[in-house]
Amino acid sequence: MSLEILPNFFLDFSERGMTGESTHSYRFKSFRLDLEERQLLHNESPVSLTPKAFDVLAALVERAGHLVEKDELLKTVWADSFVEESNVARIVHTLRRVLGEDQNGNKFIETVAKSGYRFVAEVELVQQPKLKSSETADDVLSESIVLDGPTEIDQLVPLTETSAAEPKGQTRIVLFGVGFLTAVSMIFLLSFDFRSASSEVNGTATSFAVLPLKPINTAARDELYEIGIAESLIHKIGSMKGFVVRHLSATRRYTDVNQDPLVAGREQKVDYVLASTYQLANGKIQVSAQLFNVANGQIEETYKSREKDAAGLFAMQDEIANEVGNILKTRFGITSISPVAKRGTDNEAAYRLYLQGAALADKYSQEEVRKAIDYFEQAVRLDPNYAPAYARLASAQTAVVGNRSGAADEQYPKTKAAIEKALGIDDNLSEAHSYLGEIKSDFEGDFAGSEREHKRAIELNPNSSIAHRMYALLLTYLGRHDEAITESKTAIDLEPVSVMNHLVFGRSLLFARRYDEAIAQLERTAEMDPEFFFPHLSLSVAYRLQGDNDRAFESFVKTRILVHEKPDEIDSWKATYAQSGWPGVLELQLDQAQEKEKIGKPNYNLLANLSSDLGHREEAFSYLEKALAQHGTLTMLKVHPRFDPLRDDPRFDELLERTGLK
């Protein structure tokens, strides 16, 4: 018997065992969903929902812990009409906003990429028979069925007797008990390995964050051990079925020796945190680890290694990862394990360089990314078969292109060679396919090929936030906004503290013309990293499109401060705005961009944007032609609101066709 039909099986069984009509509702956290009254109540106070939103919520709650496909929701909720999948996404978005998050910051509804949705909170079915004229409340047997509860067979349907039973009630209980035991026997015979998937029995994966190791002696610390051992643990935990583990890029930040593991766990929105320490002495290393339950703050498992040879870095890392992995396998009853992700090199010096480059590249600063390129290039010189280093090198080279004159011509051959080298060594490297997808869209204008690569990346690693985030970018370019927003949210679910994930989500909302939501999201993103200027850049656009010029200018000035413009230059922008408003600021930007063009440093995308903003239609089309010649494609042409004044011109449609976006 499939686990997917267990809830309905038990529901049907309990109803058959009772006489008379009955009513039931579902309880989850502080909410109650009353199906008969068609009401959602929060702490017993009614919550307003549209009829369709109620129907979608009911369908998800009734199948709590299990995937409900989009097609199923369309057929069930919109059986009498034809609607697009985007209707489902909008309803789910509304429900998420209404339900909010529980006390641990967890969402109630999980998106299953490309498939549908899953209600992930524990749901309790409360069934109450209607009283016959001859019955009193003391005759009533009520039960609670936990739809996504423990894996133990005898706990799947906990029953609660609410009154002292009369003989009639006792007979009912006995009959129900006999039938229940029969059902349990059938289930045991038909499906005897429930425990093998204990971490997934409730339909959701158990999530982990592995923190960088902390040194016992801060005078003798080495990032290679702190990050390297953490990465090996991440790969090992990620190989276990039913576990989702945060990527190293998400947890690398927790290097402070005073970091509270539970604070990190709440930020990462995970179930468990693995926090470890290490001690180096006389060429030996000893590692201790503790597994924290984020919900209750308790330490559930501990590990202490024997002394190991610190010189044999990779053998030591793998041995520790295997030992910790065995503890987790026993603790959670894991039996299914996938191949552990490849490290990609046996050269410790190359590995150190790779880690240093990755740490810099994740900061998204142009200066830091250029330094990262140097580290990655050194790594692949030491090990020419180091696939992850080639992949990150390609990504970093793409990042430094921007809109610099000649940069595409200069970097594209290097970028393409690096990614082809990575995939030639390891065609199953998820991130390499994501980066190839980026190259195909940003350099080659091959959007169909780009989508194939992004889908392949997600197929190889569905838990990669990078894969979902980069696919979201492509979907935005193509104008498929609902899909882009869904992928952005998935990326955030997988890596909640990634400022880039939140930025992509905000920009997805911006290009979908959902300006209020975009502004709220971009403001949150700006708060996450006050030194990151990109959210302010997008906020400036969003505010101006809403007509809030003053706040748009504030965001514009913030970007200038964050890119370290001199105080007198900032004062000049402020004086221009005070005298001429936004048109004056745009004209001054255009003048500066044209001066750079004259000295051979053109930014044709910016020139086209500014010309369009100012209503200089002919100049805008001229610059777009030059941008297309310079870059080979114009990824934002189809969706950027700044090009809206040009869309009624036949030349715009022609440009879309030439870029492959129409």
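None of these values were measured; they are calculated from a predicted model.
Salt-bridge check for Glu323 with Lys308: passed, with a basic side-chain N closer than 4.0 Å to an acidic carboxylate O. Residues Glu226 and Lys214 are not paired through a salt bridge, judged by the lack of any N-O separation under 4.0 Å between the basic side chain and the carboxylate. Checked for salt-bridge contact, Glu451 and Lys455 meet the test: a charged N lies under 4.0 Å from a carboxylate O. Between Glu459 and Arg456 there is a salt bridge, since at least one side-chain N of the basic residue sits less than 4.0 Å from a carboxylate O of the acidic one. A salt bridge is absent between Asp493 and Lys269; no separation between the charged side-chain nitrogens and carboxylate oxygens falls under 4.0 Å. Salt bridge present: Glu319 and Arg306 bring a charged side-chain N and a carboxylate O closer than 4.0 Å. The pair Arg253-Asp362 fails the salt-bridge criterion, with no side-chain N (NZ, NE, NH1 or NH2) lying under 4.0 Å from an Asp/Glu carboxylate O. Ion pair Asp222/Arg352 flagged as a salt bridge, since at least one NZ, NE, NH1 or NH2 atom sits closer than 4.0 Å to an Asp/Glu carboxylate oxygen.
Applying the 6.0 Å contact sphere to NZ of Lys284 captures more than 12 heavy atoms from other residues, nucleotides or ligands. The environment of CG in Asn217 is crowded: more than 12 heavy-atom neighbours from other residues, nucleotides or ligands sit within 6.0 Å. The neighbour count for Asn322 CG, taken as heavy atoms of other residues, nucleotides or ligands under 6.0 Å away, is above 12.
Taking the six-membered ring for Trp and the full ring otherwise, the centers of Phe292 and Phe208 sit at least 6.0 Å from each other. Aromatic ring centres of Phe553 and Tyr543 lie farther apart than the 6.0 Å criterion allows. When ring centroids are compared, Tyr386 and Phe376 stay outside the 6.0 Å threshold. Taking the six-membered ring for Trp, Tyr375 and Tyr354 have ring centres at least 6.0 Å apart. Between His640 and Phe511, the ring centre distance stays below 6.0 Å.
Judged by distance alone, the side chains of His502 and Gln521 do bring a donor and an acceptor atom under 3.5 Å apart. Remark: the Gln298 side chain and the Asn293 side chain contain no N/O donor-acceptor pair separated by less than 3.5 Å. Using modelled atom types, one finds no donor on one side chain facing an acceptor on the other under 3.5 Å when comparing Gln290 with Tyr303. For the residue pair Thr111/Thr490, the side-chain donor-acceptor check at 3.5 Å is not satisfied. Side-chain contact check for Asp271 and Thr206: no donor-acceptor pair (N or O, by modelled atom type) lies under 3.5 Å.
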> Under the side chain to side chain donor-acceptor pair (under 3.5 Å) criterion, do Tyr254 and Gln268 qualify, and how do the steps go?
Replying inline: CA-CA 11 Å; Tyr254 301 112; Gln268 293 291 329; 3.1 Å; yes
>> salt bridge (Lys or Arg N to Asp or Glu O under 4.0 Å) for Lys416 and Glu420? Distances and angles first, verdict last.
In response: CA-CA 6 Å; Lys416 190 64 179 289; Glu420 287 178 346; 3.8 Å; yes
>> Working note: Leu539 + Phe556, criterion side-chain contact (heavy atoms from CB on, under 4.5 Å); need CA distance, chi angles, decisive distance, verdict.
In response: CA-CA 8 Å; Leu539 275 168; Phe556 171 81; over 6 Å; no
> When you look at Glu231 and Arg252, which way does the salt bridge (Lys or Arg N to Asp or Glu O under 4.0 Å) test go after all the steps?
Replying inline: CA-CA 9 Å; Glu231 185 178 48; Arg252 189 197 304 271; over 6 Å; no
> Going through the distances and angles, do Phe534 and Thr525 end up as a side-chain contact (heavy atoms from CB on, under 4.5 Å)?
Replying inline: CA-CA 9 Å; Phe534 279 109; Thr525 307; over 6 Å; no
>> Go through it in stages, so that I can follow the logic: the residues are Arg469 and Phe505, the test is side-chain contact (heavy atoms from CB on, under 4.5 Å), and I'd like the CA-CA distance, side-chain angles, deciding distance and then a yes or no.
In response: CA-CA 8 Å; Arg469 178 179 75 225; Phe505 179 33; over 6 Å; no
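No side-chain heavy atom of Lys440 sits less than 4.5 Å from a side-chain heavy atom of Tyr435.
The CG atom of Leu353 sits 12.0 Å away from the CD atom of Glu348 when rounded to the nearest 0.5 Å.
For the salt bridge (charged side-chain N to carboxylate O under 4.0 Å, His left out) test, no residue two or more places apart in sequence or in another chain qualifies with Glu527.
By the 30° and 60° cut-offs, the orientation of the rings of Tyr278 relative to Tyr225 is tilted. Between Phe119 and Phe108, the ring planes lie tilted relative to each other; the angle falls in the 30° to 60° range.
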